[in-house]
A.B. asks: 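Below is the structure I would like to discuss, written out as structure tokens.
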Amino acid sequence: MTSRIVITGTDTGIGKTVFSAALTDALSGCYWKPVQAGLDGETDSQAVRRLGRIEARHILPEAYRLATPASPHLSARLDGVTILPDSLSSPPLVDAPLVIEGAGGLLVPLTERTVFADVFQRWRIPVVLCARTELGTINHTLLSLEALRVRSIPIVGVAFIGDERADTESIIGKLGHVRVLGRLPRLDTLNPDTLRHAFREHFEIDQIREALA
Ligand SMILES: Nc1ncnc2c1ncn2[C@@H]1O[C@H](COP(=O)(O)OP(=O)(O)OP(=O)(O)O)[C@@H](O)[C@H]1O
Ligand SMILES: [Mg+2]
């Protein structure tokens with residue numbers, strides 16, 4: 001039986017991939033990005049491989065690789081591709097912990113009928129919600145937690161990314177009735193060594209490992 005975890009976020013561009021790289025490294029796991037929208041420059045899979053120093057065989061191929069950096073439903077339409085949510089109904093089976101990164105946030109559309117959270121709901125795989133620490137994050141994080149709970153998606157906890165805002169982290173923990181797993185600081189120099197060090201300093205990997213399903 002594989003152990004798996006989903007990394008989602010309150011928004012796009014908040015650091016899910018960087019967090020996933022650190023987590024995949026810490027778990028000696030595999031990484032899977034089911035839907036990659038945007039192929040110019042480094043893809044998320046390539047960034048995880050580089051930042052987590054993950055072996056190539058531990059980066060699983062994306063189910064959909066779409067050219068345009070847009071919401072997957074639009075990116076797919078522009079590419080002339082149809083995303084079939086059923087094709088994502090069971091994540092790949094591997095013999096190491098599997099870290100799965102969604103695209104953008106929970107209610108990002110895959111098609112005109114399906115959002116990412118619908119896929120997560122079918123999986124029932126525990127989710128880490130990545131959240132910024134800056135202004136606006138309390139609302140986004142609490143809304144995302146509601147969206148997870150309404151679908152009975154298991155929540156491991158919130159992982160913050162950014163500069164320390166102790167009150168923000170604590171009010172989200174209280175009002176969201178959620179465990180705060182830690183905070184990955186914004187690193188001036190982001191490379192595999194600084195990332196591994198920061199992750200080890202700010203997160204307890206055993207706490208996350210225990211939640212894998
Ligand atoms: N802890 C950090 N320290 C320094 N830079 C970071 C950190 N986290 C993220 N970044 C930078 O911020 C940008 C966005 O991060 P990332 O790609 O991880 O976001 P994302 O949430 O995965 O986005 P997407 O929704 O596109 O998948 C990247 O340039 C990344 O290198
Ligand atoms: Mg990403």
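In listed order, ligands and their atoms are each counted from 1.
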A.B. asks: Are Leu88 and Leu148 connected in the hydrophobic side-chain network, where two residues link if heavy atoms are under 4.5 Å apart?
C.D. replies: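 Leu88 and Leu148: one cluster.
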A.B. asks: Where is the nearest protein heavy atom to atom 3 (N) of ligand 1: which residue, which atom, and how far?
C.D. replies: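 Minimum-distance protein heavy atom for atom 3 (N) of ligand 1 reads Leu187 N, 2.8 Å.
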A.B. asks: Between Asp193 and Arg196, does any side-chain N to carboxylate O distance fall below 4.0 Å?
C.D. replies: no
A.B. asks: Would you say Ile161 and ligand 1 have an N/O pair spaced under 3.5 Å apart?
C.D. replies: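 No: no nitrogen or oxygen of Ile161 is under 3.5 Å from one in ligand 1.
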A.B. asks: Check each atom of ligand 1 against the heavy atoms of Gly13 and keep those under 4.0 Å away; list them by number with element.
C.D. replies: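 So the atoms of ligand 1 that pass are 14 (C), 19 (O), 20 (P), 21 (O), 23 (O), 24 (P), 25 (O).
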A.B. asks: I'd like to know if Glu101 and Lys33 make a salt bridge, using a cut-off of under 4.0 Å between side-chain N and carboxylate O.
C.D. replies: yes
A.B. asks: Please step through side chain to side chain donor-acceptor pair (under 3.5 Å) for the pair Thr141 and Thr137, ending with a clear verdict.
C.D. replies: CA-CA 6 Å; Thr141 308; Thr137 195; 3.2 Å; yes
A.B. asks: Establish, from distance only, whether the side-chain atoms of Ser152 and Gln121 form a donor-acceptor pair under 3.5 Å.
C.D. replies: no
A.B. asks: Using atom types as modelled and distance alone, determine if a side-chain donor or acceptor of Thr114 lies under 3.5 Å from a backbone N or O of Leu110.
C.D. replies: no
A.B. asks: Which residue and atom name correspond to the protein heavy atom nearest atom 7 (C) of ligand 1, and how close is it?
C.D. replies: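 Minimum-distance protein heavy atom for atom 7 (C) of ligand 1 reads Arg186 NH1, 3.7 Å.
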A.B. asks: Considering the heavy atoms of Glu101, write down every atom of ligand 1 situated less than 4.0 Å from one of them.
C.D. replies: 22 (O), 27 (O)
A.B. asks: Can you report which non-hydrogen protein atom sits closest to atom 20 (P) of ligand 1, along with the distance?
C.D. replies: Lys16 N, 3.5 Å
A.B. asks: With the side chain counted from C-beta on, respond yes when Val81 and Tyr64 share a heavy-atom pair under 4.5 Å apart, and no when they do not.
C.D. replies: yes
A.B. asks: Considering the heavy atoms of Gly104, write down every atom of ligand 1 situated less than 4.0 Å from one of them.
C.D. replies: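 Listed by number with element, the hits are 25 (O).
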A.B. asks: Would a hydrophobic clustering, with Ile, Leu, Val, Met, Phe, Trp and Tyr connected at side-chain separations under 4.5 Å, put Val48 with Leu187?
C.D. replies: yes
A.B. asks: Suppose we only count N/O/S atoms under 2.8 Å; would Thr12 qualify as near the Mg ion (ligand 2)?
C.D. replies: no
A.B. asks: Judging by distance only, is a nitrogen or oxygen of Gly15 under 3.5 angstrom from one on ligand 1?
C.D. replies: yes
A.B. asks: Testing Ile153, Val115, Ile125 one by one against Phe120 for a side chain to side chain contact (heavy atoms under 4.5 Å, CB included), which residue passes?
C.D. replies: Ile153
A.B. asks: Test side chain to side chain contact (heavy atoms under 4.5 Å, CB included) on Thr24 and Leu98; report intermediate values, then the result.
C.D. replies: CA-CA 8 Å; Thr24 306; Leu98 178 61; over 6 Å; no
A.B. asks: Which part of Asp44 is near ligand 1, with near meaning a heavy atom under 4.0 Å away: side chain, backbone, both or neither?
C.D. replies: side chain
A.B. asks: For ligand 1, indicate whether the residue Lys33 contacts it via side chain, backbone, both or neither (heavy-atom separation under 4.0 Å).
C.D. replies: side chain
A.B. asks: Report yes if some N/O of Leu190 lies less than 3.5 Å from some N/O of ligand 1; otherwise report no.
C.D. replies: no
A.B. asks: Please work out, at 4.0 Å between heavy atoms, whether the side chain, the backbone, both, or neither of Ser20 comes within that distance of ligand 1.
C.D. replies: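 None of Ser20 does.
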A.B. asks: Can Asp25 and Arg49 be counted as an ion pair, charged N to O under 4.0 angstrom?
C.D. replies: no
A.B. asks: Would a 4.0 Å cut-off, counted as strictly less than, catch a protein heavy atom around atom 9 (C) of ligand 1?
C.D. replies: yes
A.B. asks: Judged by non-hydrogen atoms, does Gly162 sit under 4.0 Å from ligand 1?
C.D. replies: no
A.B. asks: For atom 26 (O) of ligand 1, find the nearest protein heavy atom and state the residue, atom name and distance (0.1 Å precision).
C.D. replies: Thr12 OG1, 3.4 Å
A.B. asks: Among all protein non-hydrogen atoms, which one is nearest to atom 1 (N) of ligand 1, and what is the separation to 0.1 Å?
C.D. replies: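 Answer for atom 1 (N) of ligand 1: Pro185 O, 3.0 Å.
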A.B. asks: Decide whether the shortest distance between a heavy atom of Gly9 and an atom of ligand 1 is less than 4.0 Å.
C.D. replies: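 No, that is not the case, since the closest heavy atom of the residue is not under 4.0 Å from the ligand.
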A.B. asks: What do you think, any protein heavy atom under 4.0 angstrom from atom 29 (O) of ligand 1?
C.D. replies: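 So far as the 4.0 Å threshold goes, atom 29 (O) of ligand 1 is out of reach of every protein heavy atom.
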A.B. asks: Please report the shortest heavy-atom distance between Ser20 and Tyr31, naming the atom on each side.
C.D. replies: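 Looking at all heavy atoms of both residues, the shortest contact is CB-CE1, 3.7 Å.
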A.B. asks: Please identify which atoms of ligand 1 are closer than 4.0 Å to at least one heavy atom of Ile14.
C.D. replies: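 What qualifies from ligand 1 is 19 (O), 20 (P), 21 (O).
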A.B. asks: Take the Mg ion (ligand 2) as the vertex and measure to OD2 of Asp44 and OE2 of Glu101; round to 10°.
C.D. replies: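 The OD2/OE2 angle about the Mg ion (ligand 2) sits at 90°.
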A.B. asks: Run down the list Val18, Asp11, Thr194 and name the one with the heavy atom closest to atom 18 (O) of ligand 1.
C.D. replies: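 Selected option, by shortest heavy-atom distance: Val18.
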A.B. asks: Quick check, are the ring centers of Phe203 and Phe160 under 6.0 angstrom apart?
C.D. replies: no
